[in-house]
Amino acid sequence: MSLNFIHSLNRRMRLRGKPKSHAAAEVASPDEKLDLCSSGEAVVEREAWDSKIQYLLGVVSFGVGLGAVWRFPYLCQKNGGGAFLIPYVVMLFVEGLPVCLLEMGIGQKLRLGSLGVWKKIHPALVGIGLSSTVVSFLVSVYYNVVIMWCFYYLFASFQSPLPWTECPGNETVQECQLSSPTTYYWFRESLDITGSIEDSGGMKWWLALCLLLSWLVVYICIMKGIQTSGKVTYFTAIFPYIVIAVFLGKAVTLPGAKEGLLHLFTPKLEKLGDPFAWTDAAVQAFFTVGCGFGGLIALASYNPVSNDCVFDSIFTAFVHLITSVLTSLVVFAILGFQAFNRFQDCYNENKQLLTSLYPDVLNLSMTDKQYDLYYNMALEEKTIDANEFRNCSLMEELDQKPEGTGILCLVCFLLGLIFTTGSGSYWVTLIDSFSSTGLLLVGCMELVIIVYGYGMKRFVGDIKEMTGRNPGYFCEICWRYLSPFLLVALFITTIYKSASEYPGYYAWNKEIGRNELQQYPLWALCLGVGCLVLTIIPVPIGALYYYLIRKRKEREKTPDEEALNIQDLTPGDSSVQTHSFLHAKFTKVSRISHFLR
């Protein structure tokens, strides 16, 4: 590797602990305000949070969304009730917390978005930022579908009586009789669902309009950047917790709630030996904390350099844990109530938690319409908030221009129209199952690059410089050993699970009034695998592209330019020494390539 390459590392990695962003001028957009520091380096005057509370509310809103309200209770039911709490807590503090602190730390230090951070550490690592962006994009497309469903139920809540309180046609509809009024309304009236993913059933215009409205709301929230998004969180982050508390107070008083809660806290310990339960726990920890999406990096980049990111990460982890437990108490209390009323298994599939279990509680209240309005508003706010900040991380790479924001929202809306068909809910399950797995690999690569490439001592020094204290031995052990090992093991386990068991999904059978397990057709399975590959492939492509471009530039270098770069080097520069690991690795790759030629 030429000394010119080392010199480029020296220029890119020179960091200064000042409140303003010390990104190189080539990373800044033309419209951003530039200042010069005392050394003559160009720095970017970056937007900032109005207060620390606003930032914490933003982080909580970003992570605590459907992951807690929708996904966590479903995984508890799937993986042995209370037994799932054990792997979840372990993964939250061994995987989620360390990666959360890592992303907050590098975002706050470099004050750049996900792509900019990894490009600044080394240009060949830009693929990691691209992978995070792809995962965020895929999740954002189907995440807004839940907002679409919430808007539909919100508008339906203005009817009197509520349309899901009784079966239509004086209870003569067999499909409703075999299930329940709430289940029938969800599958037949709201979704007009088909019997399989292969039968699209055509687009439902009422869902398409609700999807358009949901993306319009997201656009309004993020079109002016973090200043607008931050102010929204004062209401959207707090109000849902008030609604959860109200629902919890109502749910625990229902007949059968005690049995439901006992089912939650009576663990099936044999599930702890199931590696897939630990995989689900790791993915859930990433999903709830928000790791791997690039959002935490983008949100932390708006903080002052002196912000205590260690406290922020611990606070975030505990808030997510408490929220997940609270929502599980509500869900399992309602499950106990449903079982008490129906004397049969009432749990069909995870999406039904949003649209069947909660309305059953609303139907018992004298003020059911008010309860339903509050519930749908809270769920919309939580989902919009999470998707809002996920899209903010995407807009970070588009310089947060209103035009770019509008184009992004329009593209996501057009892609999301597939979810408004009769088979749309099956597509949500397919994309969710495959795209979220890439989070594990993204998190693992982030750990390896920061610990072994950027340097553990250097990163710990950055944390101490910013916060005035070390992150602690626990985080250092997790960063260096536990977290990468577990993430690799879980990723391999997930791939093995997908290869050994033909994936399936639950499809609604109107003849018997319940879901039945079906296998994905080959074309759908290929599409799901394609989504997984799409979240991983940017990493090797980014590294290969950089290597090819570097080799071309080296061939085009003149002797005079090479001599000039050698004279510019400062002997003993710490930034050159810091990158000895990357230097050695890229030198080895170059020698192998030369040998193969």
Side-chain angles (χ1 to χ4, degrees), residues 58 61-62 65-67 69-70 132-156 190-191 200 202-233 235-237 240 290 293-295 298-299 351 354-355 376-425 427-432 435-436 531:
S61 298
F62 173 67
L66 294 181
V69 179
W70 168 29
S132 297
T133 304
V134 169
V135 173
S136 274
F137 178 76
L138 291 175
V139 173
S140 294
V141 169
Y142 79 80
Y143 216 72
N144 251 31
V145 175
V146 181
I147 308 177
M148 171 190 75
W149 294 335
C150 293
F151 271 125
Y152 179 81
Y153 268 76
L154 179 64
F155 297 143
S190 301
L191 302 181
S200 69
M203 187 182 302
K204 313 304 175 184
W205 63 268
W206 56 91
L207 294 179
L209 290 178
C210 291
L211 181 64
L212 178 62
L213 177 61
S214 67
W215 277 111
L216 181 62
V217 171
V218 171
Y219 171 73
I220 293 173
C221 290
I222 67 175
M223 66 178 180
K224 292 188 177 180
I226 204 67
Q227 295 292 340
T228 303
S229 303
K231 292 179 174 62
V232 174
T233 60
F235 176 71
T236 58
F293 294 105
L299 296 179
K351 294 184 294 297
L354 301 174
T355 54
N376 284 287
M377 286 175 61
L379 191 57
E380 283 172 14
E381 289 162 4
K382 221 48 176 149
T383 312
I384 288 173
D385 236 9
N387 214 24
E388 170 189 332
F389 287 110
R390 189 171 288 109
N391 279 278
C392 276
S393 67
L394 295 175
M395 295 314 304
E396 176 71 24
E397 314 310 333
L398 298 177
D399 298 326
Q400 293 185 344
K401 304 293 184 183
E403 298 82 4
T405 305
I407 293 174
L408 175 65
C409 291
L410 178 61
V411 170
C412 290
F413 164 72
L414 294 176
L415 292 176
L417 288 176
I418 186 67
F419 303 118
T420 66
T421 62
S423 59
S425 64
W427 283 96
V428 172
T429 304
L430 175 68
I431 303 300
D432 175 62
S435 62
S436 59
C531 290

Seminar exercise, completed: The side chain to side chain contact (heavy atoms under 4.5 Å, CB included) partners of L213 (sequence neighbours excluded) come to F151, F155, V217

Problem set entry | Expected output: side-chain S136 to main-chain F293 donor-acceptor under 3.5 Å | yes

Exercise. If you look at every heavy atom in L207 and M148, which pair is closest and at what distance?
Worked result: O-SD, 3.1 Å

For this session: Specify the closest pair of heavy atoms between C531 and I431, including all atoms of both residues, with the distance to one decimal.
Result: SG-CD1, 3.8 Å

Seminar exercise, completed: Nearest heavy-atom approach of T421 to S200 is CB-O, 3.5 Å

Check: residues 411-419 side-chain donor-acceptor pairs under 3.5 Å, at least two apart:
none

For this session: Taking all non-hydrogen atoms of both residues into account, name the closest pair between N144 and L211 and its distance.
Result: O-CD1, 4.1 Å

For this session: Please name the pair of heavy atoms, one in W206 and one in S190, separated by the smallest distance, quoted to 0.1 Å.
Result: NE1-O, 2.9 Å

Exercise. Measuring from T420:OG1 to L209:CG, what's the distance to the nearest 0.5 Å?
Worked result: 9.5 Å

Problem set entry | Between OH on residue Y142 and CG on residue L430, distance to nearest 0.5 Å | 11.0 Å

Problem set entry | Minimum-distance pair of heavy atoms, taken over all atoms of S140 and W215 | O-CZ2, 3.5 Å

For this session: Would you please test V146 and W149 for side chain to side chain contact (heavy atoms under 4.5 Å, CB included) and show each step?
Result: CA-CA 5 Å; V146 181; W149 294 335; 4.2 Å; yes

